[in-house]
Amino acid sequence: MDAEVKKKVPTTVLSSQKDKSMPFLHLVARRKPTFCKMSMDTRAREVFAAAVEAVQPDTVVCQSIERKEDSVVIDGRTFTLKHNLHLVGFGKAVLGMAAEVERIVGDHLVKGVISVPHGIQQTLQQHGKDHLLLKENSRIKVIEGAKHNLPDPDAQKAAEEIKHLASELTEKDLLIVLISGGGSALLPAPIPPITLQEKLDVTCRLAGAGATIQELNTIRRALSLLKGGGLAHHAHPAQVVALILSDVIGDPIDMIASGPTVMSRVWPEEVLSILERYKLLNLLPTSVKEVLDKPNSRWKENKEESDTSGHVLNAVIGSNGVALKHAGLRARELGFLPVVLSPSVCGDVRSVSRLYGLLARFGCSREEPPPDIATEVLKLGPEVGVESWDLCRTMQVLEKGRTEGWGATCLLAGGEPTVELTGKGRGGRNQELAMRVGLELRSLGLSPKGPVFLSGGTDGQDGPTEAAGAITDGGLYDEAKAQGLDIDNFLINNDSYTFFSRLSGGQQLLVPGLTCTNVMDVHMLLIPAIPIIIR
Ligand SMILES: Nc1ncnc2c1ncn2[C@@H]1O[C@H](COP(=O)(O)OP(=O)(O)OP(=O)(O)O)[C@@H](O)[C@H]1O
Ligand SMILES: O=C(O)[C@H](O)CO
């Protein structure tokens with residue numbers, strides 16, 4: 001880090017940072033300002049589209065499997081194909097992933113079963129996404145279930161068929177397991193005597209009480225025959241290769257869809273403390289108590305408990321980080337200097353919007369930004385999942401953009417912030433974040449030529465709305481006021497979708513439609529080329 005930046009961030013932070021790689025910093029060195037006639041709004045939408053395109057189910061599979069005559073190379077490991085290939089999958093993006101696997105290695109595929117969301121085949125047909133559907137003569141059986149993202153008897157039947165397929169495999173077989181977000185609900189296999197309804201009650205109560213996905217999936221693993229490595233255990237001694245599209249911050253393979261191919265022990269203290277935290281201990285049915293009394297004995301009835309992880313390859317083939325990387329490349333083509341802040345943004349949208357407001361202020365200052373901005377950024381960042389190192393690196397790029405005239409900057413980030421629901425309106429965390437950042441940008445006083453912000457869910461659906469997110473700038477408040485919309489009221493009522501639908505005929509909504517993938521959300525702050533003085 002150069003001396004100029006050192007001056008502006010607290011030394012304590014800098015001295016704690018070790019040498020890490022600096023993605024995109026090479027772009028700073030080579031790039032000259034380029035000019036693009038497209039509006040900021042159009043470019044923001046194009047960059048978002050590139051992020052989503054990079055994590056399409058067929059694209060990620062195609063990039064991760066290399067076919068070589070009668071073998072297949074995955075993550076640097078070669079597997080021999082001898083009409084010994086089986087396939088299972090569960091998750092919202094799995095249909096398209098399965099179609100691509102069958103295209104590449106279908107000639108060796110014996111049988112497959114996938115568990116996918118209710119109605120997905122019809123929806124894909126209606127959206128003209130036939131390339132993500134299986135062919136008529138496919139060897140893969142598709143079972144649709146988990147209406148409204150909740151485990152149901154159809155998903156349970158799919159889980160039973162998947163378990164049966166896995167249990168019949170021998171050491172000569174290769175099992176490809178396709179995993180994506182939503183996989184937990186699509187693979188319910190409660191440990192007897194727990195019933196599906198009892199398991200559903202426990203997980204719904206936890207989710208309703210605000211448990212994190214880590215907490216929720218820790219409980220799901222403790223109550224399931226297939227989660228927490230159960231599927232890999234049933235498939236032993238076959239080789240297992242899991243191709244994972246991550247929808248969890250940090251891409252923890254034991255958490256995504258509750259890790260059916262990742263051997264994990266159940267720690268009773270951990271499970272009990274989660275249940276206690278959400279005041280569920282006294283509400284547990286006897287069956288659940290019975291299972292929790294005998295942790296780690298869940299597979300003994302079928303096969304001997306042993307460490308089967310040597311037979312398993314878990315490969316994360318798509319993630320928020322991948323989407324951000326490709327968004328950065330597109331941003332560069334569109335004349336921006338890209339910088340990826342972090343793929344791990346979480347926490348309340350209020351704090352997240354404040355951070356983006358501060359970074360916008362930092363990036364828009366023509367003169368040296370007041371040191372208190374950097375200090376506040378470094379204080380707030382870790383609260384919303386962004387490491388100090390990433391904040392320093394990003395501010396360094398913004399600083400270069402300012403001092404060396406590198407042109408417009410595209411700051412990219414991703415993750416999954418949260419909204420505290422206080423009202424009864426219709427909206428989503430991306431639209432609410434966009435509203436709040438719009439208000440933050442207002443205080444810069446730069447509109448209409450100031451920064452532009454976009455927030456969008458890569459699955460194309462933000463909360464229970466038809467939009468993925470929205471685009472805003474510092475003019476949001478005045479524009480809304482001129483159209484008779486009281487932005488504060490919409491915020492109090494968590495009514496961001498209604499707000500953006502009414503504002504300028506919905507022009508600021510981001511509506512890509514069904515995207516067939518999900519790697520959480522993408523945030524984008526476009527900071528204009530011309531340095532502007534903020535006092
Ligand atoms: N009116 C609202 N305003 C803001 N956020 C909302 C509103 N209603 C629901 N939400 C939020 O939307 C989220 C659920 O929406 P969504 O289905 O997009 O989530 P998700 O976590 O991306 O789901 P998945 O991982 O299954 O795609 C929850 O975090 C919820 O708090
Ligand atoms: O299915 C699940 O458990 C969530 O989508 C996280 O992967």
Side-chain angles (χ1 to χ4, degrees), residues 38-57 59 92-93 96 117 119-120 122-132 148-149 181-182 247 320 323-324 326-327 330-331 334 349 353 410 412-417 419 425-438 452-473 475-476 479-480 483 485 487 490-491 493-526:
M38 265 189 236
S39 72
M40 293 281 256
D41 181 295
T42 308
R43 285 190 280 169
R45 289 172 194 269
E46 291 239 345
V47 173
F48 179 75
V52 171
E53 191 57 37
V55 287
Q56 281 295 295
T59 309
K92 294 184 185 177
I120 190 165
Q122 196 186 354
T123 314
L124 287 177
Q125 264 159 10
Q126 282 165 355
H127 284 76
K129 306 235 174 183
D130 290 359
H131 64 291
L132 299 178
H148 310 301
N149 215 3
D247 71 331
N320 191 271
L324 295 182
H326 285 82
R330 183 72 185 123
L334 292 173
V349 284
S353 62
C410 173
L412 290 155
E416 203 166 82
V419 168
R426 204 164 159 219
R429 56 178 181 259
N430 287 284
Q431 292 161 83
E432 190 154 329
L433 177 64
M435 280 172 92
R436 292 186 182 279
V437 175
V452 166
F453 179 77
L454 175 150
S455 184
T458 55
D459 60 355
Q461 199 189 13
D462 186 30
T465 78
E466 275 90 70
I471 305 184
T472 46
D473 61 23
L476 185 75
E479 211 178 318
Q483 294 178 33
L485 302 171
I487 196 164
F490 283 96
L491 275 176
N493 206 21
N494 299 115
D495 209 8
S496 51
Y497 180 68
T498 312
F499 171 79
F500 279 115
S501 301
R502 292 199 191 147
L503 183 74
S504 311
Q507 268 177 35
Q508 285 173 235
L509 280 172
L510 180 65
V511 194
L514 178 79
T515 65
C516 311
T517 190
N518 181 15
V519 293
M520 303 179 288
D521 304 336
V522 166
H523 306 153
M524 193 186 310
L525 183 64
L526 302 181

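A pairwise comparison of heavy atoms in Lys129 and Leu514 identifies NZ-O, 3.3 Å as the closest pair. For Asn149 against Gly182, the heavy-atom pair with the smallest separation is OD1-CA, 4.4 Å. Summarising the geometry of Ala327 relative to Val47, their closest heavy-atom pair is O-CG1, 3.5 Å, with the distance given to 0.1 Å. When every heavy atom of Gly475 is checked against every heavy atom of Asp473, the shortest pair comes out as N-OD1, 2.8 Å. Among all heavy-atom pairs drawn from Phe48 and Gly457, the shortest one is CZ-O, 3.5 Å. Here the closest heavy-atom approach between residue Leu510 and residue Arg45 is recorded as CA-NH1, 3.9 Å.
Summarising the geometry, atom CZ belonging to Phe453 is positioned 10.5 Å from atom CD1 belonging to Ile471; distances are rounded to the nearest 0.5 Å. For the atom pair Glu479 CD and Ile487 CD1, the distance stands at 9.5 Å (nearest 0.5 Å). Summarising the geometry, atom CD belonging to Gln122 is positioned 12.0 Å from atom CD1 belonging to Ile120; distances are rounded to the nearest 0.5 Å. Atom CD of Gln431 is separated from atom CZ of Arg426 by 9.0 Å, given to the nearest 0.5 angstrom. One finds the CG atom of Leu485 at 5.0 Å from the CZ atom of Phe490 (value rounded to the nearest 0.5 Å). Note that CG of Leu509 and CG of Asn430 are 11.5 Å apart. Values are rounded to the nearest 0.5 Å.
Atom CD of Gln126 has more than 12 heavy atoms from other residues, nucleotides or ligands within 6.0 Å.
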What's the verdict on side-chain contact (heavy atoms from CB on, under 4.5 Å) for Val52 and Thr517, showing C-alpha distance, side-chain angles and the deciding distance?
CA-CA 8 Å; Val52 171; Thr517 190; 4.2 Å; yes

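A heavy-atom distance below 4.5 Å is not found between the side chains of Cys516 and His127. The shortest distance between side-chain heavy atoms of Val522 and Leu324 falls below 4.5 Å. Contact annotation: the side chain of Asp462 never approaches that of Tyr497 to less than 4.5 Å [non-hydrogen atoms, C-beta and beyond]. Leu476 places a side-chain heavy atom less than 4.5 Å from the side chain of Gln508. In this structure the side chain of Gln56 reaches within 4.5 angstrom of the side chain of Leu132, judged on heavy atoms. Here the side chains of Glu46 and Arg330 are in contact, with some heavy-atom distance below 4.5 Å. The shortest side-chain heavy-atom distance between Leu454 and His523 does not fall under the 4.5 Å cut-off. Counting heavy atoms from C-beta outward, Met435 and Thr472 have side chains that stay 4.5 Å or more apart.
A salt bridge between Asp459 and Lys92 is absent, with no side-chain N of the basic residue lying under 4.0 Å from a carboxylate O of the acidic one.
Side-chain N/O atoms of Thr59 and Glu53 include no donor and acceptor closer than 3.5 Å.
Counting only distance, with no hydrogens or angles, the side chain of Asp495 and the backbone of Gly427 share no donor-acceptor pair below 3.5 Å. A donor-acceptor pair under 3.5 Å links the side-chain atoms of Arg43 to the main chain of Met38, judged by distance alone. Between the side chain of Asn320 and the backbone N or O of Val519, at least one donor-acceptor pair lies under 3.5 Å. Under a 3.5 Å cut-off, the side chain of Ser455 and the backbone N or O of Gly469 do not form any donor-acceptor pair. Between the side chain of Gln483 and the backbone N or O of Ser504 there is at least one donor-acceptor pair closer than 3.5 Å. Judged purely by atom type and a 3.5 angstrom limit, Asp521 has no side-chain atom pairing as donor or acceptor with the backbone of Gly414.
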